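Have a look at the structure that comes next, please.
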Amino acid sequence: MAAYENLLLELNNGILTITINRADKLNALNIDTIREIKNAIQQVYDDADVKGAIFTGAGPKAFVAGADISEIAELSEVNARSFAERGQEVFAMIERCNKPVLAAVNGFALGGGCELAMACHMRVASDNARFGQPEVNLGVIPGYGGTQRMTQLIGKGKAMELMMTGDMISAEEARALGLVNHVVPQEDLMPKCMELMEKIMTKAPLAIGLVIECVNAVFNKDENGYQTEANSFARCCTSEDFVEGTNAFLEKRKPAFKGI
Ligand code: COA
């Protein structure tokens with residue numbers, strides 16, 4: 001595995017846990033960390049031993065408390081645009097990954113932290129987690145896809161409210177809004193994520209990857225999602241795993257999928 005300064009990577013039973021490891025700065029995302037996240041997610045794409053990934057933050061207090069404000073403060077207009085575009089590119093890689101990616105939100109998920117969580121396919125939060133897009137407090141707006149993904153996840157009215165007030169919400173409020181899938185006590189956070197991931201990993205990997213692609217197609221204006229779905233359905237029907245899945249059902253046994 002590549003060397004990382006701001007991330008801890010741990011591979012267990014095919015699940016790569018990617019921990020943002022700047023606890024003294026509440027895991028704020030500086031540019032180096034964004035670059036490392038890009039390398040780590042590329043590893044998820046490329047490494048056949050990695051079946052899925054979980055993002056989390058070091059320490060009990062924060063998932064990620066935002067982009068690193070000391071770096072943002074220094075940005076000029078030109079640099080700021082490419083700063084946002086680079087972050088957006090990395091978060092789009094997470095969103096489009098054909099293997100499941102979960103966010104284990106273990107505390108503050110603010111600004112870029114909330115955006116990182118929203119780029120993941122699902123979010124599980126500990127009951128101390130707090131979510132928000134407080135950029136307006138700094139005179140700026142979300143730049144890593146937050147205006148788009150938050151609106152997709154919770155709808156226009158609530159997204160407007162959160163991004164215009166900069167208010168933080170609790171994990172329970174985030175769950176009620178559909179921003180997170182599950183809320184659990186902090187000690188149960190990783191076990192819950194592992195349980196979800198292990199369940200998904202018993203399914204046909206090709207089908208899982210195509211579910212991700214089709215759901216993402218809803219939000220791509222240039223794509224006919226129904227056509228993407230029909231094509232993907234047809235692709236599944238030509239796979240060995242489809243033969244295995246249907247045979248296993250008829251033979252009343254558990255399928256053994258191979259990802260082909
Ligand atoms: N960027 C850079 N450093 C950050 C940071 C960020 N987004 N968030 C927290 N930190 C740093 C603090 O500066 C502090 O560093 P120091 O010990 O060297 O002074 C350290 O992390 C601990 O944060 P602190 O503010 O002392 O913790 P707290 O418990 O009092 O408050 C928060 C927690 C999350 C409410 C507060 O840190 C905060 O508001 N952070 C910024 C959130 C934000 O606006 N994010 C969007 C950025 S675009």
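Every number for a ligand or one of its atoms is a count from 1 in the order of the listing. Note that the structure is a prediction, hence the values are computed from the model and not measured.
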Which atom of Glu115 lies closest to which atom of Gly145, heavy atoms considered: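 So the minimum-distance heavy-atom pair works out to OE2-N, 3.3 Å.
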
Considering only protein heavy atoms, determine whether one is less than 4.0 Å from atom 25 (O) of ligand 1.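 No, there is none.
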
Give the atom numbers and elements of ligand 1 that come within less than 4.0 Å of a heavy atom of Ile72.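 Reading through ligand 1 atom by atom, the close ones are 48 (S).
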
Could you tell me the residue and atom name of the protein heavy atom closest to atom 44 (O) of ligand 1, and the distance to it rounded to 0.1 Å?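 The protein heavy atom lying closest is Pro134 CG, 3.6 Å.
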
N or O contact, Phe108 vs ligand 1, cut-off under 3.5 Å: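 So ligand 1 has no N or O lying under 3.5 Å from an N or O of Phe108.
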
With respect to atom 11 (C) of ligand 1, which of Lys25, Gln133, Arg22, Glu115 exhibits the smallest heavy-atom separation?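 Ranked by closest heavy atom to atom 11 (C) of ligand 1, first place is Lys25.
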
Is the shortest side-chain N to carboxylate O distance from Glu95 to Arg149 below 4.0 Å?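 A salt bridge is present here (some side-chain N lies under 4.0 Å from a carboxylate O).
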
Exam field: side chain Asn27 to backbone Arg22, donor-acceptor pair closer than 3.5 Å: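 Pair found, side chain donor or acceptor close to backbone of Arg22.
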
Protein heavy-atom contact under 4.0 Å for atom 41 (C) of ligand 1?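 Yes, at least one protein heavy atom sits under 4.0 Å from atom 41 (C) of ligand 1.
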
Region of Asn137 engaging ligand 1 - heavy atom pairs below 4.0 Å: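 It is neither part, as no heavy atom is under 4.0 Å.
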
Does a side-chain N-to-carboxylate-O contact under 4.0 Å join Glu244 and Arg253?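 Judged by the 4.0 Å cut-off on N to carboxylate O distance, Glu244 and Arg253 do form a salt bridge.
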
Verify the contact flag for atom 7 (N) of ligand 1, where contact means a protein heavy atom under 4.0 Å away.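 Given the 4.0 Å cut-off, atom 7 (N) of ligand 1 counts as touching protein heavy atoms.
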
Nearest candidate to atom 43 (C) of ligand 1, where distance is taken over non-hydrogen atoms, out of Ala65, Ser70, Gly132: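 It is Ala65 that holds the nearest heavy atom.
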
Are any of the N or O atoms of Met168 closer than 3.5 Å to those of ligand 1?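 Not met; the criterion fails.
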
So which protein heavy atom does atom 37 (O) of ligand 1 come closest to, and at what separation?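 Its nearest protein heavy-atom neighbour is Leu26 CD1, 3.6 Å.
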
Any idea which protein heavy atom is nearest atom 30 (O) of ligand 1, and the distance to it?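 Among all protein heavy atoms, the one nearest atom 30 (O) of ligand 1 is Lys61 NZ, 4.7 Å.
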
Who's the nearest protein heavy-atom neighbour of atom 1 (N) of ligand 1, and how far?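 Residue, atom and distance for the closest contact: Ile69 N, 2.9 Å.
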
State whether the shortest distance between N or O atoms of Glu135 and N or O atoms of ligand 1 falls below 3.5 angstrom.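 For ligand 1, there is no N or O atom that lies under 3.5 Å from one belonging to Glu135.
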
For atom 20 (C) of ligand 1, what's the nearest protein heavy-atom neighbour? Residue, atom name and distance, please.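 Of every protein heavy atom, Asp24 O, 3.3 Å lies nearest to atom 20 (C) of ligand 1.
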
Quick one, Asn12 with Glu10, criterion side-chain hydrogen bond (donor to acceptor under 3.5 Å, both in side chains). Give me CA distance, side-chain angles, the key distance, then yes/no. CA-CA 6 Å; Asn12 270 319; Glu10 196 185 334; 3.0 Å; yes

Decide yes or no for Glu71 and Leu75: does some side-chain heavy atom of the first lie under 4.5 Å from some side-chain heavy atom of the second?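 Side chain of Glu71 against side chain of Leu75, heavy atoms only: no contact under 4.5 Å found.
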
Is the backbone N or O of Asn6 less than 3.5 Å from a side-chain atom of Glu36, with the two atoms forming a donor-acceptor pair by type?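 Indeed, once roles are kept as given, a pair shorter than 3.5 Å links the two residues.
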
Is any side-chain N of the basic residue among Lys199 and Glu195 closer than 4.0 Å to the acidic one's carboxylate O?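 Salt bridge absent between Lys199 and Glu195.
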
Using 4.0 Å as the upper bound for N to carboxylate O, is an ion pair formed by Lys158 and Glu161?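 Salt bridge present between Glu161 and Lys158.
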
Phe83 and Tyr144: aromatic ring centres closer than 6.0 Å?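 For Phe83 and Tyr144, the ring centres are under 6.0 Å apart.
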
Any protein heavy-atom neighbour for atom 18 (O) of ligand 1 (distance below 4.0 angstrom)?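 Yes, at least one protein heavy atom sits under 4.0 Å from atom 18 (O) of ligand 1.
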
Atom 34 (C) of ligand 1: nearest protein contact (heavy atom, Å):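 Scanning the protein heavy atoms, the shortest distance from atom 34 (C) of ligand 1 goes to Leu110 CD1, 3.6 Å.
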
